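The model shown is predicted, which means the values in this text are computed figures rather than measured ones.
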Amino acid sequence: MNDATSATRHARVRAPELVGKGGWLNTGDISYTLSDLRGRIVILDFWTFCCINCLHVIDELRELEQKHSDTVVIIGVHSPKFVHEAEHQAVVDAVERYEVHHPVLDDPELATWKQYAVRAWPTLVVIDPEGYVVAQHAGEGHAHAIERLVAELEAEHAAKGTLRRGDGPYVAPEPVPSYLRFPGKVLALPSGNLLVSDTTRHQLVELEPDGETVVRRIGTGERGFGQDCFSEPQGLALLPDGTVIVADTVNHALRTYDPVSGAIEVVAGTGRQWWQGSPTAGPALEVDLSSPWDVAWWADRVWIAMAGVHQLWTYDPATGTVEAAAGTTNEGLVDGPAAEAWFAQPSGLAAAGDRLWIADSETSALRYVERDGEGSGHGDGEGFVVRTAVGAGLFDFGHRDGPAEQALLQHPLGVTALPDGSVAVSDTYNHALRRFDPATGEVTTLATDLREPSDAVLVGDDIVVVESAGHRLTRLRLPEDAVRVESVAHRTQREATEVAPGALQLDVVFTAPSGQKLDTRYGPSTRLLVSSTPPGLLAEGEGAGTDLSRALVLADGITEGVLHVSAMAASCDDDPAVEYPACHVHQQDWGVPVRVTDGGTARLGLVLAGMDA
């Protein structure tokens, strides 16, 4: 253990109690306190189910959860961003949807989030067997460091006699029979049948045109990367040769499925998640991907909504290559040339003539890509431009119809091109199907009372909607008249940080995990990017750099906004005897609401990784 780690570990900060108005899930209706868990190593995972980074962490922790099941208790503390996520049934659905196999505390009012001074989704907090906080990590990529810390804590507390082994508090819920379970996307096959990604069951399902009669199931139904296996598949698109391209989301891969022969083939991805510094172009089977959520055939290639890194990529079947096509990996809503645009978990795609429509979920936005009239349109987004039709940013959402510049959505996951040139939006967290007409610039509501619609497809004069949380497909006749709904606008309920006017010191705290050191073999091992909403909030300090500290200056006259901070640090095992040390990337994006007040703080500290300060 390095000296910095040891010094902070001995600060002995008592862990605050776990409180959540929504109660406990996955415990057999038993509520727990920290004293009930004394003797166990407790890992708190602060998450919200809209957040792709949170879903990555759930997957990262699965191996640790199994390996240390007799000493470690992982508790998911669900801390909502969107209004819909504060609904208890929505949390119940999400726990099943993402196969969360540990207790979850539903904290709709962010009570425990505030007690632990959490600032970002996801955040992991480690509590030792005596009830003291010993580590905090924001972002993803920390499983290796936590694994090492758990081993140290097991040895330390076994020697002290304070470690208690045994079964954990997890109680699996009763399975519910249904022909679909949290379906994701739908595709109309040339045969007239419908193909659905049955996400939680790790399969594709072919249905007859009635949308209910099962023709066949495709895939073993077991989570995995092997032959005929899927892991939470989502997007589907028909290729010119008649095969189907599948976004195999949690496998970080693309597969093809031949509806005639039944053959399944991996065509892109390695099964590993892409990290900063990895290649963004090359042979498709040699380049890592990150949570591809949807796919569409447009501009002579497959476009990929790469939700995990807030980008659009392309796959060219003719050359067998992939490349990043739009987005910088920074999370937010910024239009412009494709290579400079920002996205936030693009999750739905629809090709319509000269436009590729995008459901950009975390900004609650409808956006599109089109050619800008320059360049070939290939190669790192050359020749394409990104524009926003509906949406205001990461923290503004709701259900409001009217002119596009005033309309609001709430975390849409799907978009469907309609014959008249308009688009239908699966407005997931509003439980609605919305419509945007580029000719009039108006947003209307087509249907309500749909349970988390995530996609839709045209079938004749009807539209078939995937009700993901309803575990079914619903056929609707496209209405001629809009549904009238009461307008509702929201902002995320996170409390703003009060900051003093003028100079603001930003410090991102990173301590290399025990047994590791910063990786400086190829240059700086850290990166910091800062921006703001509105753009004029910062008079000085915006931009990229390699120092994790930054002197910011807030502009005069702007009293509130959001600071967008993206930090990355790389560390490697610190053992001179190891010729090829294992290296790890730690990264996190923060959106920090701030309010300028005379009595506010002049320093903003964010913890990327390290011991609790």
Side-chain angles (χ1 to χ4, degrees), residues 294 296 298-299 303 305 312 326-327 332-338 340-373 384-448 450 453 455-456 458 463 465 476 478-491 533-535:
D294 204 5
W298 185 69
W303 286 69
L312 304 182
L333 195 155
V334 176
D335 291 342
E340 301 172 14
W342 291 23
F343 297 95
Q345 286 179 220
S347 301
L349 300 175
D354 59 359
R355 287 183 177 178
L356 178 69
W357 292 97
I358 307 150
D360 199 29
S361 63
E362 278 292 282
T363 54
S364 297
L366 173 65
R367 307 176 73 185
Y368 60 92
V369 177
E370 64 181 1
R371 296 187 187 277
D372 66 1
F384 292 105
V385 64
V386 177
R387 307 188 195 281
T388 297
V390 182
L394 284 166
F395 301 99
D396 294 282
F397 54 91
H399 192 153
R400 184 164 64 201
D401 290 335
E405 62 271 17
Q406 300 174 13
L408 293 172
L409 309 169
Q410 186 179 180
H411 198 80
L413 291 178
V415 60
T416 307
L418 300 179
D420 64 357
S422 66
V423 290
V425 180
S426 295
D427 194 5
T428 310
Y429 288 3
N430 279 328
H431 308 291
L433 189 67
R434 311 285 291 283
R435 177 177 179 264
F436 170 68
D437 187 350
T440 64
E442 292 284 319
V443 175
T444 55
T445 297
L446 298 177
T448 58
L450 301 167
D455 197 23
L458 282 173
I463 189 165
V465 181
L476 304 171
L478 276 172
E480 295 182 2
D481 297 322
V483 176
R484 297 185 65 86
V485 296
E486 184 177 351
S487 296
V488 179
H490 299 288
R491 296 208 83 197
T533 302

Participant: Looking only at the side chains, is there a donor atom on one of H399 and T448 sitting less than 3.5 Å from an acceptor on the other?
Facilitator: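 The answer is no; no qualifying pair exists.
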Participant: For the pair W298 (side chain) and A351 (backbone), establish whether a donor and an acceptor sit closer than 3.5 Å, ignoring hydrogens and angles.
Facilitator: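 Judged by distance alone, no pair lies under 3.5 Å.
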Participant: Provide the closest heavy-atom pair for G336 versus A341 in the form atom of the first, atom of the second, distance.
Facilitator: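 Looks like O-CB, 4.4 Å.
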Participant: Apply the test side-chain contact (heavy atoms from CB on, under 4.5 Å) to residues F384 and R371: give CA-CA distance (whole Å), side-chain angles for both, the deciding distance (0.1 Å), then the verdict.
Facilitator: CA-CA 4 Å; F384 292 105; R371 296 187 187 277; 3.6 Å; yes
Participant: With rounding to the nearest 0.5 angstrom, report the CG to CG distance, L478 to L433.
Facilitator: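 Going from CG on L478 over to CG on L433, the span is 8.0 Å.
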Participant: Looking at every heavy atom in both A424 and I463, which two are closest together, and how far apart are they?
Facilitator: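 Smallest heavy-atom distance, with atoms named: CB-CD1, 4.1 Å.
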Participant: Does the R400 side chain pair with the main chain of Q406, one donor and one acceptor, at a distance under 3.5 Å?
Facilitator: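 Flag set: sc R400 to bb Q406 pair under 3.5 Å.
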Participant: What pair of heavy atoms forms the shortest contact from L356 to A296, and how long is it?
Facilitator: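 Looks like CD1-CB, 4.0 Å.
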Participant: For the residue pair Y429 and H411, categorise the inter-ring angle as parallel (less than 30°), tilted (30 to 60°) or perpendicular (more than 60°).
Facilitator: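 If you compare the ring of Y429 with that of H411, the planes turn out parallel.
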Participant: Between D335 and T388, is there a donor-acceptor pair closer than 3.5 Å when you use the side chain of the first and the backbone of the second?
Facilitator: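 Flag set: sc D335 to bb T388 pair under 3.5 Å.
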Participant: Any side-chain heavy-atom pair from L413 and S361 closer than 4.5 angstrom?
Facilitator: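 A side-chain contact under 4.5 Å exists here.
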Participant: Mind checking the OH-CG spacing from Y368 to D354? Nearest 0.5 Å is all I need.
Facilitator: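 If I round to the nearest 0.5 Å, the distance is 9.5 Å.
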Participant: Can you tell me which residue among T416, D427, D401, D420 is in a side chain to side chain donor-acceptor pair (under 3.5 Å) with R435?
Facilitator: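 The side chain to side chain donor-acceptor pair (under 3.5 Å) with R435 is passed solely by D420 among T416, D427, D401, D420.
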Participant: Would you name the heavy atoms of V423 and L366 that are closest together and state the gap between them?
Facilitator: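 For V423 versus L366, the nearest heavy atoms are CG2-CD2, 3.7 Å.
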Participant: What's the spacing between E442 CD and D437 CG if we round to 0.5 Å?
Facilitator: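 With rounding to 0.5 Å, CD (E442) is 8.5 Å from CG (D437).
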Participant: Quick one: do F397 and L408 satisfy side-chain contact (heavy atoms from CB on, under 4.5 Å)? Show the steps, please.
Facilitator: CA-CA 5 Å; F397 54 91; L408 293 172; 5.8 Å; no
Participant: Go through the steps to decide whether L312 and L349 satisfy the test side-chain contact (heavy atoms from CB on, under 4.5 Å), and finish with yes or no.
Facilitator: CA-CA 10 Å; L312 304 182; L349 300 175; 4.2 Å; yes
Participant: What heavy-atom pair brings Q345 and S347 nearest, and what distance separates the two atoms?
Facilitator: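 Minimum heavy-atom contact is O-OG, 2.8 Å.
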Participant: Per the side-chain contact (heavy atoms from CB on, under 4.5 Å) rule, which among V390, V443, L446 passes with R434?
Facilitator: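 The side-chain contact (heavy atoms from CB on, under 4.5 Å) with R434 is passed solely by V443 among V390, V443, L446.
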Participant: Would you indicate whether the side-chain heavy atoms of P438 and R355 approach each other to under 4.5 Å?
Facilitator: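 Side chain of R355 against side chain of P438, heavy atoms only: contact under 4.5 Å found.
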Participant: Of the non-hydrogen atoms in V415 and A350, which two are nearest, and what is the gap between them?
Facilitator: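 Heavy atoms only, the tightest pair is O-CB, 3.3 Å.
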